[in-house]
Amino acid sequence: LRALLGAFPGFIAASGQDGVYTFVNDRLAALLGRLPEQIIGHHIRDVLGEARYQLNMDELARVRAGEPVRAERRYHRPDAAPVEVEVMHVVGPRQPDGRQMSYSFGQDVSEKKRALEALTAARDEAERANKAKSQFLSQMSHELRTPMNAVLGFAHLLRRDRRAPLAEHQQAWVGHILQG
């Protein structure tokens with residue numbers, strides 16, 4: 001079982017109801033910048049700090065109430081880029097003495113988050129470009145409509161002029177203008 005937990009490609013922690021870690025895999029210890037023996041046997045508050053401790057306790061209370069909980073955390077290490085972790089908490093069965101273990105499983109979603117951010121930025125840029133194109137076409141349509149109306153108006157006048165009628169081939173040219 002320890003080999004299986006050690007081979008798990010994510011982060012695993014187990015703690016008792018007293019908030020003391022009973023197990024962490026090597027990946028989680030490395031993420032926290034510690035050795036497993038510096039975590040196991042220590043209280044969650046002492047390892048993660050007060051804010052993260054309260055956050056975990058709130059989530060574990062929701063899990064004990066039957067609510068599935070998935071959360072995201074960002075871990076900062078001085079020697080590497082921040083790591084985005086998706087965490088899922090579960091509670092084990094209640095023991096005959098009333099104790100109940102809590103388990104937290106995490107996976108690194110940093111690449112997925114970066115890809116999603118890049119995709120969102122690309123979508124936003126495409127929407128901005130589409131809006132600029134629409135605005136340009138609207139303005140160009142307005143700018144072209146005025147001279148085109150003048151061309152059409154004069155083509156109608158040329159076609160209807162009874163005092164100086166156009167030759168047949170000129171009538172065809174005016175017809176092309178009006179049709180276009």
Side-chain angles (χ1 to χ4, degrees), residues 4-15 21 23-36 38-39 44-91 102-156 173-180:
L4 175 65
L5 294 175
F8 181 72
F11 312 101
I12 302 173
S15 59
Y21 283 108
F23 174 82
V24 294
N25 68 348
D26 291 340
R27 284 182 182 81
L28 179 58
L31 179 69
L32 298 175
R34 300 177 184 216
L35 297 172
Q38 294 174 313
I39 300 172
I44 297 171
R45 179 184 286 123
D46 298 333
V47 176
L48 299 180
E50 185 64 33
R52 284 193 191 234
Y53 166 73
Q54 287 301 326
L55 188 60
N56 279 317
M57 291 301 103
D58 292 345
E59 290 168 352
L60 285 171
R62 290 173 33 212
V63 169
R64 284 189 183 97
E67 182 182 336
V69 175
R70 286 186 184 270
E72 287 193 11
R73 305 272 194 278
R74 176 176 278 201
Y75 290 89
H76 298 276
R77 294 187 308 183
D79 61 332
V83 178
E84 301 287 337
V85 177
E86 183 181 61
V87 179
M88 183 176 76
H89 300 290
V90 295
V91 291
S102 300
Y103 306 98
S104 298
F105 301 93
Q107 67 181 27
D108 185 343
V109 293
S110 302
E111 285 299 317
K112 185 164 61 169
K113 294 273 286 189
R114 281 191 282 277
L116 183 60
E117 288 169 0
L119 186 62
T120 300
R123 183 203 63 212
D124 293 347
E125 177 59 25
E127 286 175 357
R128 188 200 60 72
N130 191 39
K131 186 176 178 181
K133 177 195 74 158
S134 295
Q135 186 177 6
F136 171 77
L137 289 175
S138 173
Q139 288 174 342
M140 288 308 300
S141 172
H142 176 73
E143 294 298 321
L144 289 172
R145 221 174 298 132
T146 303
M148 291 304 289
N149 283 335
V151 169
L152 286 173
F154 280 111
H156 280 293
W173 292 342
V174 169
H176 287 298
I177 292 172
L178 292 171
Q179 198 173 14

Basic-acidic side-chain contact under 4.0 Å: Glu125, Arg128: yes

Leu28 vs Asn25 side-chain heavy atoms within contact, under 4.5 Å: yes

Considering all heavy atoms, the nearest Val174-Ala155 contact: CG1-O, 3.3 Å

Minimum-distance pair of heavy atoms, taken over all atoms of Asp26 and Pro36: OD1-CG, 3.2 Å

Partner set under ring pair (Phe, Tyr, Trp, His ring centres under 6.0 Å) for Phe8, not counting sequence neighbours: none

Ser104 side chain vs His89 backbone, donor-acceptor pair below 3.5 Å: no

Side-chain touch Ile12/Tyr103, heavy atoms, less than 4.5 angstrom: no

Side-chain (Ser134) to main-chain (Asn130) donor-acceptor, under 3.5 angstrom: yes

Residues Glu111, Arg114; criterion salt bridge (charged side-chain N to carboxylate O under 4.0 Å, His left out); working and verdict: CA-CA 5 Å; Glu111 285 299 317; Arg114 281 191 282 277; 2.7 Å; yes

Spacing of Leu178 atom CG and Trp173 atom CH2 [to the nearest 0.5 Å]: 15.0 Å

Within 6.0 Å of CD in Gln179, more than 12 heavy atoms from elsewhere: no

Lys/Arg N to Asp/Glu carboxylate O, Lys112 vs Glu86, below 4.0 Å: no

Least distance between heavy atoms, Gly106 atom then Val85 atom: CA-CG1, 3.9 Å

Close side-chain approach of Arg45 to Gln54, heavy-atom, < 4.5 Å: yes

Any Arg73 side-chain heavy atom under 4.5 Å of Leu55 side chain: yes

Non-neighbouring partners of Glu143 that pass side-chain contact (heavy atoms from CB on, under 4.5 Å), sequence neighbours left out: none

Val47 to Arg34 - nearest heavy-atom pair and separation: O-NH2, 3.5 Å

Spacing of Ile177 atom CD1 and Leu152 atom CG [to the nearest 0.5 Å]: 8.5 Å

Spacing of Thr120 atom OG1 and Lys113 atom NZ [to the nearest 0.5 Å]: 10.0 Å

side-chain contact (heavy atoms from CB on, under 4.5 Å) against Val91, all qualifying residues, sequence neighbours excluded: Val63, Arg64, Gln100, Ser102

Min side-chain heavy-atom separation Asn56-Glu59 under 4.5 Å: yes

Leu60 vs Val69 side-chain heavy atoms within contact, under 4.5 Å: no

Inter-residue atom distance Glu50.CD - Ile44.CD1, 0.5 Å rounding: 11.5 Å

Shortest non-hydrogen contact from Ser110 toward Glu84: OG-N, 2.8 Å

Cationic N near anionic O, under 4.0 Å, Arg123 to Glu127: yes

Contact check, side chains of Asp108 and Phe11, non-hydrogen atoms, under 4.5 Å: yes

